Structure formats: C-alpha cells, structure tokens
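As structure tokens, the structure follows; a few thoughts come after it.
A note on names: the letters A, B, ... follow the listed sequences, proteins ahead of strands, and every chain is numbered from 1. Worth knowing before you read on, the calculation uses all heavy atoms, side chains too, and leaves out hydrogens, waters and symmetry mates. It should be emphasised that the depicted structure is a prediction, and the values quoted were computed from it without experimental measurement.
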There are 2 protein chains.
Amino acid sequence: MARPREFDPDEAMDKAMGLFWDVGYEEASLTELLAAMEITKGSFYKAFQDKQSIYLASLDRYNDKVISGTVAYLGNPAEGSGRARILGLFAKVAQAVELDGDRLGCFLCNALIDKAAEGGEAEGKLQAMVHRLESAFYKALQDDGQLNARDARETARGVLSAYFGLRVLGRSGLSKEMAADCIRQVEWLLARGGRAGQTA
Amino acid sequence: MARPREFDPDEAMDKAMGLFWDVGYEEASLTELLAAMEITKGSFYKAFQDKQSIYLASLDRYNDKVISGTVAYLGNPAEGSGRARILGLFAKVAQAVELDGDRLGCFLCNALIDKAAEGGEAEGKLQAMVHRLESAFYKALQDDGQLNARDARETARGVLSAYFGLRVLGRSGLSKEMAADCIRQVEWLLARGGRAGQTA
DNA sequence: AAGGTTTGGAACCAATCGGTACAAAACACA
DNA sequence: TGTGTTTTGTACCGATTGGTTCCAAACCTT
C-alpha cells in the first residue's frame, strides 16, 4: 500500500550503536551518523526521532545484546566453574585487544566517562548495566559455593573494577604482557576461598 | 613598554584543564572554554595557539601537577609503607567521591576514553602518564621489599587497572559500600608476599 | 604629557551543527 | 494503468562551531 523502506532499521541501529560506541555522543556528528548508518537525513528523521533518542536506544541495544551476552556467558555452567567463566571473560577481552586490535573498548565503560550521558535518561540506564554486570560476577562466584555472600559481593565488585580498568587500558592498546599481568591479578582475587582458576 | 595582560595565564590554563577534565575535548566548545577561563576570544588567541594545542597543554599540565603529585605521594616513605601508600591513594579517591561528590574522575582515565585524543600527539602523552603511574605503583611495592621484580610488576599492573576501574565507577557516583569493597579487594591484592596494609 | 606596544573586545568569517520542509521517486492496491 | 501512500533525497533553516581581523583602550617608558 506504500513504498517499502530500503534499509533494515535493525541494521541501521547497529551501525549507529557502533559509531556512538567508538567516538561517543558529541563526537558523532549527525553527518557521520548518517554515513555510518548508510541512510540519508530524510529516512533518518522518519524512522527515528533525533540524535539524542537514537543514542539512548543504542544504550538499550548494548544492554540487550552485549551485556546480556556477557551475563549469559558468566552464568553458563557449561563454560566451567564460576571462576573459570570470569577468567574466560577477561581472557576474551584481552584477546580481542591484542589479536583483533579491538580499540572500541566497552560501550558501557566509555559512556560512563562520556559526559554527554550525564543528567539525562542515560544515567539510569548506565547504572542499571553496571548493576547487571556486578550481579553476574556475584552469581558466578556464588555458583562455586566457596564464599559467603559478603565475600562474594566484595569480590564481585573488585572484579568489576578490574574489568573496567582493563577496558580503559585496552582502549589505547594493551600490550600482551600488561593484559596477562592484569588477568593473573584477577586470578589472585578469585583465589580467595579456594584454589580455583589457577593457570600459572 | 606595553599594556600588561589582565589575566594570569597560569590560572587560565588551570581553568581550561578543569573544563577538558570535566567534559572532554569535543564537548568543550570554545565559548564554554572562554567562559571557564574568564577571558575573551582576543586574549585567548593572543596567548595560546588554538583549542587543540591548549588541550594538549592541559594534558601536560595534568601530568605535571596531578600525576606528579600522585607519584610523589606513592613514593613518599613518610606516608607509611609502600602498600599503605597505595591504599592511602585509593582511600583518598574514594573519599573525594563520597564526601566531596567529586564526579570529575581522573583526567588521564577520561582522556584515554575520549576519542578526540586518538591519533594525535595526545596518544603518546597519555601512554607516558599511564606508564608513570604503573612505575609509581611498582616502586611503592618494591619499597616494601617483599616481592620479587616479576611479582611486583604484575601486582603494580593489577593495582593500576583496579585504580582506573575505581575512577570509572567514581565518575557516575560511587556508593560508600562499593568503594569500600573495591578497596578491600586491593588490600587483598597487596596481601601477597606479606601481611601488610590490612584494615579490616 | 607624548609615543610606542600590546592587550581586549567586538565584528566578522566560512563551515558545520542538528533539524525541518517538501517534492520527486517507488511501491501496493485497485 | 492509474491512484494513494510512504520513503527518499535535497534544499533549506537558524544557531553555533572554531578561528581571524582590526581598532580602541590600557599601559610602560621617556
């Protein structure tokens, strides 16, 4: 009954998220955004509201896709013990940096720094994601059943901050040695309450 | 022999650094920058080159003032053992967030994420600062003389990533409990090779 | 007080910002 | 093949971007 749209809104959203992820909100000009999404202004403003709202949508998307994936991995018993899963996550991050040269970092982490996020709806979304990650670490630790709730919570938070630290360092390119050392330190954190996940 | 300038370039630089620190490069428009520095366009372009170069100068300034201060603190035997100094640094950061509501975070950490930095001169400056911090942690650990060089290096890097992690979390407001847990985890990292710096 | 210099502020610049309006193009249905 | 509806691309909008130019004001030296 009408002309069909020539682009996949879902794909376009992915491209938009990719740009915001890479350069942040302010640095992503509308022109760059349109180029990344491979659509023109008309289509953009017909399909989406404006730059602000597509940024917020990108955050939601990151939560739904990436964070959920990470949470699922951390909660998947098939991937080994809780500690092994946590270490596996760190290893994957380090590997992405050193092998694929991934300098994107973590959208959540980047957005936490990006002040464009502050004050608006973004703040709540970000804190929710932080909480999801913390909980996922916590549950993984609980799965091993070697720590009481208090220690598990504490360890989860230590791991969380180490995780963000690694991703900050990864943003400017992480040497193999640096990454390995960071991970070994996480092993050390996890060693509390049981001999688990030791590699070296 | 001529009209003296009505502002203190040093103070103005401080204000500029403060703004870049807070909102990053791109988000700091020239107008905001001038307002923060309390000078007008004419004075600005007479005293400094342009926005880009004053940003780089801000990074240098941060290195000279803040990072140097941190390095000095970490290397000052009067502040206690090496481990105590490291924990003291973390405590000061946490305290600034929860007491003074400091949401600035760490300029170095913020700039590592801020993509405006990438590709240019900034990259080198940032990595130099990261390296200074790592070395300061390393030396503090060496002062206690309980770890061999290899373990000290590894621990320094673990502490460094925990430090950045804390500063990322601090940017969006850190709960007292979260901060305390993160610090207790650093204590745990430092506990290797000797019972030091324990508080709880 | 006069002369020489430098600063400070406003006017001005092209380019780009995010966003809107609208007409032509492309389809589904009849 | 026409008609109606939606998408698409482009021209356009005022505001703001970083940056330059230029002159009057302010000062030091003599």
Backbone of A:Gly82 reached by a side-chain donor or acceptor of A:Asp144 within 3.5 Å |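 Yes.
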Indicate yes or no for a side-chain donor-acceptor contact from A:Arg171 to the backbone of B:Leu112 under 3.5 Å, with no hydrogens or angles considered.
->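 Side chain of A:Arg171 to backbone of B:Leu112, a donor-acceptor pair under 3.5 Å: no, none is there.
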When the distance from [atom1] of [X] to [atom2] of [N] is rounded to whole Å, what number comes out?
X: B:Ile54; N: D:dG18; atom1: CD1; atom2: P; value: 13 Å
X: B:Phe48; N: D:dT20; atom1: CZ; atom2: C1'; value: 18 Å
X: A:Gln52; N: C:dG19; atom1: CD; atom2: P; value: 9 Å
X: B:Arg5; N: D:dA25; atom1: CZ; atom2: C1'; value: 17 Å
X: A:Leu34; N: C:dT16; atom1: CG; atom2: P; value: 15 Å
X: A:Glu27; N: C:dG18; atom1: CD; atom2: P; value: 11 Å
X: A:Glu38; N: D:dT7; atom1: CD; atom2: P; value: 19 Å
X: A:Tyr25; N: C:dC17; atom1: OH; atom2: C1'; value: 11 Å

Closest nucleotide among [options] to the [X] side chain:
X: B:Ala2; options: C:dC27, C:dT5, D:dT8; value: C:dT5
X: B:Glu6; options: D:dG19, D:dG9, C:dG8; value: C:dG8
X: B:Leu30; options: D:dG18, C:dT20, D:dT7; value: D:dG18
X: B:Lys46; options: D:dG19, C:dG18, D:dC22; value: D:dC22
X: A:Lys41; options: C:dG8, D:dG19, D:dA11; value: D:dA11

Toward the 5' end of DNA chain D, which comes first, B:Glu26 or A:Ile39, by nearest nucleotide?
->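 So the residue in question is A:Ile39.
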[N], OP1 or OP2 - any side-chain N/O from [X] closer than 4.0 Å?
X: A:Thr31; N: C:dC17; result: yes
X: A:Ser43; N: D:dT8; result: yes
X: A:Ser29; N: C:dC17; result: yes
X: B:Tyr45; N: D:dT20; result: no

Answer with base, sugar-phosphate or nothing: what part of the nucleic acid does A:Phe44 contact at a heavy-atom distance below 4.0 Å?
->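 No contact.
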Across the strands shown, which category fits B:Phe7 at heavy-atom distances under 4.0 angstrom: base, sugar-phosphate, nothing?
->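 Sugar-phosphate, no base atom in range.
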Between OG1 on residue B:Thr70 and CZ on residue B:Arg85, distance to nearest 0.5 Å |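 The distance works out to 13.5 Å.
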Would you give the length of the straight line joining atom CG of A:Leu19 to atom OG of A:Ser58, rounded to the nearest 0.5 angstrom?
->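 Between atom CG of A:Leu19 and atom OG of A:Ser58 there are 9.0 Å.
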May I ask you to check whether A:Tyr138 and A:Glu134 show a side-chain donor-acceptor distance below 3.5 Å?
->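 No, no side-chain donor-acceptor pair sits under 3.5 Å.
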Return the orientation label for the A:Phe20 and A:Tyr55 ring planes: parallel under 30°, perpendicular over 60°, tilted otherwise.
->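 Ring orientation, 0 to 90° scale: perpendicular.
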Do B:Arg3 and C:dT6 have a side chain to base donor-acceptor pair shorter than 3.5 Å?
->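 Result: no qualifying N/O pair found.
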